Amino acid sequence: MALTKVYNAATAFKNLGGVLNVYKPAGMKVKHVRNAILNNICKGLNKMEQREPGKLREGRFLGTGTAADPVLHHIAYQTDLSDHVLSAGPRYLSRDLTCSTVSSLGDHTSGVLLFGINRGTGQSSSIRKSRPVRVYHITGRLGSATENHLPDSRVTMRANHRHVSADRISGLAASIQASHQRKMFELCGVDLQTQEAYDLACKGLLRPADESQPVVYGIRLVHFERPHFTLELHSINETQEYLVALVHDLALELRTAAHCSQLRCVRHAHFDVRDSLLRNSWHLPGIIKNLRHQRDILRAHKQHHRVELKAIH
């Protein structure tokens, strides 16, 4: 389909809706990202061609009629100055837009952040209810532990890490993944070695009924360069606190200390970090282009957001 350049703000606002994939920088709160997006949308709309101010109807009377029954000569229209942008203010304000967050990220976490804009709030609610898997790249630093397991807090412990190897981290990661998978089947009351467990696994991912219970579906080592290592983790119901504590606990199992130096969400459902809107593109043309691209992704995978969930009770 050929693209048409739009100069009219009303037309642009009418077509402004869908799921937006934004790259959230580390150290920035989700509400600040949301406010920046909405303010930039309004700024872009207010720079476009606006509708004309309303008109006031004015009748002029002449002649021989009485005061009770005047004779109308003609009707004139004048510009309603109270509707002019110089007196009424900008046409578009952030409160004119509806925006909902699909799933939040912690202040220290960067990566994929999804918003539903206007009519896209229904789509964002559908994605949120389906509880899709999110993928993280978690970078840890061996040798020191901190108070909140993040690099911006006080160091509480130092330890030798020369005995830690990539094979040991990979083995421990596989053990963590296996324990989570076993726990899911135990919550279902199914033996992992039975045909019933196999049939249950064939139906798709098992999700806990309690949304506050984190579940790890996969974890593996993707990079190791002492003292840094990076884990790729697939999970649902996770929080920033849970992920950084996982790095701390993993280090304790390896008889050393570590803290999380970087936490990045690289995929949320079918929305990839490579398609995320960077901060220098948080303007109206970039946002509309991103909405169009995410709409194509939703159409290609719409069946995945309508499947009834299988919950663990």
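Note that the coordinates shown come from a computational prediction; the quantities given were computed from them, not determined experimentally.
The backbone N or O of Arg264 lies less than 3.5 Å from no partner atom in the side chain of Ser110, so there is not a single donor-acceptor pair. For the pair Ser261 (side chain) and Thr139 (backbone), a donor-acceptor distance under 3.5 Å is present. Counting only distance, with no hydrogens or angles, the side chain of Glu232 and the backbone of Arg220 share no donor-acceptor pair below 3.5 Å.
Using a 4.5 Å heavy-atom cutoff, the side chains of Phe115 and Leu38 are not in contact. A heavy-atom distance below 4.5 Å is found between the side chains of Leu45 and Ile41. Side-chain atoms of Asp96 and Leu93, non-hydrogen and from C-beta on, do get closer than 4.5 Å to each other. Annotation: side chain of Leu105 is in contact with side chain of Cys265 (closest heavy-atom distance under 4.5 Å).
For residues 149-168, the salt bridge (Lys or Arg N to Asp or Glu O under 4.0 Å) pairs, not counting sequence neighbours, are Glu147-Arg154. For the side chain to side chain donor-acceptor pair (under 3.5 Å) condition, the pairs that include at least one residue of residues 27-40, sequence neighbours left out, are Lys29-Asp107.
Residues Ala257 and Met157 share a closest heavy-atom pair of CB-CE, 3.6 Å. Closest non-hydrogen pair, Leu97 versus Cys42, comes out as CD1-SG, 3.9 Å.
Of the inter-residue distances, the one linking Leu114 atom CG with Ser276 atom OG reads 7.5 Å to the nearest 0.5 angstrom. Rounded to the nearest 0.5 Å, atoms OH (Tyr217) and CG (Leu233) are 11.5 Å apart.
Listed by chain and residue number, Asp272 satisfy the side-chain hydrogen bond (donor to acceptor under 3.5 Å, both in side chains) test with Arg274 (two or more places apart in sequence, or in another chain). Qualifying side-chain contact (heavy atoms from CB on, under 4.5 Å) partners for Lys47, counting only residues two or more places apart in sequence or in other chains: Lys43. Under the rule for a side-chain contact (heavy atoms from CB on, under 4.5 Å), the partners of Arg255 that lie at least two apart in sequence or sit in another chain are His163.
Side-chain heavy atoms closer than 4.5 Å link hydrophobic residues (I, L, V, M, F, W, Y) into clusters, and following such links, even through other members, never connects Leu252 to Ile169.
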Show me the donor-acceptor pairs, under 3.5 Å and distance only, between side chains in residues 116-123 and residues at least two apart or in other chains.
from: Asn118; atom 1: OD1; to: Thr98; atom 2: N; distance (Å): 3.0
from: Asn118; atom 1: ND2; to: Leu16; atom 2: O; distance (Å): 2.8
from: Arg119; atom 1: NH1; to: Lys14; atom 2: O; distance (Å): 3.3
from: Thr121; atom 1: OG1; to: Asn118; atom 2: O; distance (Å): 2.9

